[in-house]
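Below is one structure; the comments refer to it alone.
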2 protein chains.
Amino acid sequence: MVQCNQTHFNASFAALADATRRGVLDQLARGNASITDLADKFEMTLTGMKKHVGVLELAGLVTTEKVGRVRTCRLGPCRLEEEMAWIARYRQMWDMRFEGLDGVIDELKRQEKARGRKKRQ
Amino acid sequence: MVQCNQTHFNASFAALADATRRGVLDQLARGNASITDLADKFEMTLTGMKKHVGVLELAGLVTTEKVGRVRTCRLGPCRLEEEMAWIARYRQMWDMRFEGLDGVIDELKRQEKARGRKKRQ
DNA sequence: ATTACACTGAACCATATGGTTCAGTATGGA
DNA sequence: TCCATACTGAACCATATGGTTCAGTGTAAT
């Protein structure tokens, strides 16, 4: 549904709106890691890191699995395809909008030229 | 700088993490609008909408200009190029990661086959 | 059996977010 | 001049966010 997409966009963009979480994704792209690994790397308490991982997990960007006493984090199923598509569409609209403006500017220039010619006549 | 980029990513992704603000961008792509126009369209107070526009403006996604008593909002200079690039790079890493896993799986299968052959010998 | 490790949950804190109302200010139109 | 319009800013509110500490629980190693 639209609602569902909206909610998912909210979650994934919000997840990306934090430098630590983007860093975690970067790190997990290099290899799986435990909560402790990540907490060390980003100089943060276990509890703090767990919250970040939770946000990423809710957004589908990360999945985790606990075996024994260590929880391993890895990249999740969300590949940011829709987010990418949203931005791509936005940029397309932005370009069209500016082409439109260019059109207007060209039109204005033509009119100005025409006025210049008239004056000179 | 890296810091600067990080801050910009924070602002732009946070700006996108709200359905109303994404809607405003959509709307502005269709044409410029006043705060009143947007507030009406999204059934919100002027003050509320002004805050959203402020967030979008800070992220460079919107610019505004006040002439007379009406403030006109239009798409801003930020075309989300770097954000798009970040996501593209992420997806690339994600793919590599999974190719890597496929590689590991293939390796495991080969080893298993090898063990099978050994056992049968 | 003891101890160390890895995580978890609750509670707390400061600040940010998304919204409102209310009381202005400034501008445009009759 | 008078009134309606369009915005603005301050204050407020509830909830979310990004972090912490502290007190557990369960697992691994000695």
Side-chain angles (χ1 to χ4, degrees), chain A residues 3 5-28 31-74 76, chain B residues 3 5-28 31-74 76:
Chain A
Q3 269 291 19
N5 268 332
Q6 290 296 323
T7 302
H8 180 245
F9 277 158
N10 291 353
S12 50
F13 281 131
L16 294 180
D18 180 279
T20 301
R21 285 192 295 261
R22 289 193 301 274
V24 167
L25 290 180
D26 247 53
Q27 197 56 38
L28 294 182
N32 300 337
S34 68
I35 304 280
T36 298
D37 293 340
L38 296 171
D40 284 353
K41 179 81 74 174
F42 294 91
E43 292 173 316
M44 189 178 298
T45 56
L46 280 180
T47 312
M49 181 49 71
K50 180 127 185 295
K51 280 193 188 181
H52 281 303
V53 168
V55 171
L56 288 166
E57 210 167 357
L58 272 181
L61 289 162
V62 160
T63 56
T64 71
E65 186 196 7
K66 190 166 184 178
V67 30
R69 54 185 174 176
V70 27
R71 177 173 298 279
T72 300
C73 309
R74 67 193 75 240
Chain B
Q3 270 289 18
N5 269 333
Q6 290 296 323
T7 301
H8 181 245
F9 278 159
N10 291 353
S12 51
F13 281 132
L16 293 179
D18 178 280
T20 300
R21 285 193 294 262
R22 289 194 301 275
V24 167
L25 290 180
D26 246 55
Q27 196 57 39
L28 293 182
N32 299 339
S34 68
I35 305 279
T36 298
D37 291 341
L38 296 171
D40 284 354
K41 177 82 75 175
F42 294 93
E43 291 172 320
M44 188 177 297
T45 57
L46 279 181
T47 311
M49 180 50 71
K50 180 127 186 294
K51 280 195 188 179
H52 280 304
V53 169
V55 172
L56 289 165
E57 212 168 354
L58 272 182
L61 289 161
V62 162
T63 55
T64 70
E65 187 196 7
K66 190 168 185 178
V67 30
R69 53 185 175 178
V70 26
R71 177 174 297 278
T72 301
C73 309
R74 67 193 75 241

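Quick caveat, the model's predicted, so the values are computed rather than measured. Below, chain A is the first sequence line, B the second, and so on; all start at residue 1. Only this structure's heavy atoms are used, side chains among them; waters, hydrogens and symmetry mates stay out.
Taking all atoms of both residues into account, the shortest heavy-atom contact from A17(A) to R22(A) is C-NH1, 3.8 Å. Pairing each heavy atom of M44(B) with each of M49(B), the nearest pair is SD-N, 3.7 Å. Across A59(A) and A15(A), no two heavy atoms sit closer than the pair CB-CB, 4.0 Å.
L38(A) places its CG atom 13 Å from the P atom of dA6(C), with the value rounded to the nearest Å. Per the geometry, NE2 belonging to H52(A) stands 12 Å off C1' belonging to dT20(D), to the nearest Å. R22(B) has its CZ atom 14 Å from the C1' atom of dG18(C), to the nearest Å. Straight-line distance from the CG atom of D18(B) to the P atom of dA16(C): 18 Å, rounded to whole Å. Taking atom NZ on K50(A) and atom C1' on dT17(D), their separation rounds to 16 Å, with Å as the unit. Distance CZ (F42(A)) to P (dG18(D)): 15 Å, rounded to an integer number of Å. dG18(C) atom P lies 10 Å from atom CE of M44(B), rounded to whole Å. Distance, M49(B) CE to dG9(D) P: 17 Å, rounded to whole Å.
Distance check: T45(B) OG1 to K51(B) NZ gives 8.5 Å after rounding to the nearest 0.5 Å. Distance check: L38(B) CG to R71(B) CZ gives 12.5 Å after rounding to the nearest 0.5 Å.
Nearest to the side-chain atoms of K51(A) among the listed nucleotides dT20(C), dT5(D), dG19(D) stands dG19(D). Considering only the side chain of R69(A), dG26(D) comes nearest among dG19(C), dT8(C), dG26(D).
At the heavy-atom level, S34(B) lies under 4.0 Å from the strands shown only through sugar-phosphate atoms.
Between T45(B) and the phosphate of dT20(C), there is a side-chain N or O to OP1/OP2 separation shorter than 4.0 Å. Of the side-chain N and O atoms in K66(B), none sit less than 4.0 angstrom from OP1 or OP2 of dT27(C).
Between G68(A) and L46(A), the one whose closest nucleotide on DNA chain D sits nearer the 5' end is L46(A).
For T47(B) against dG19(C), a side-chain-to-base donor-acceptor contact under 3.5 Å is absent.
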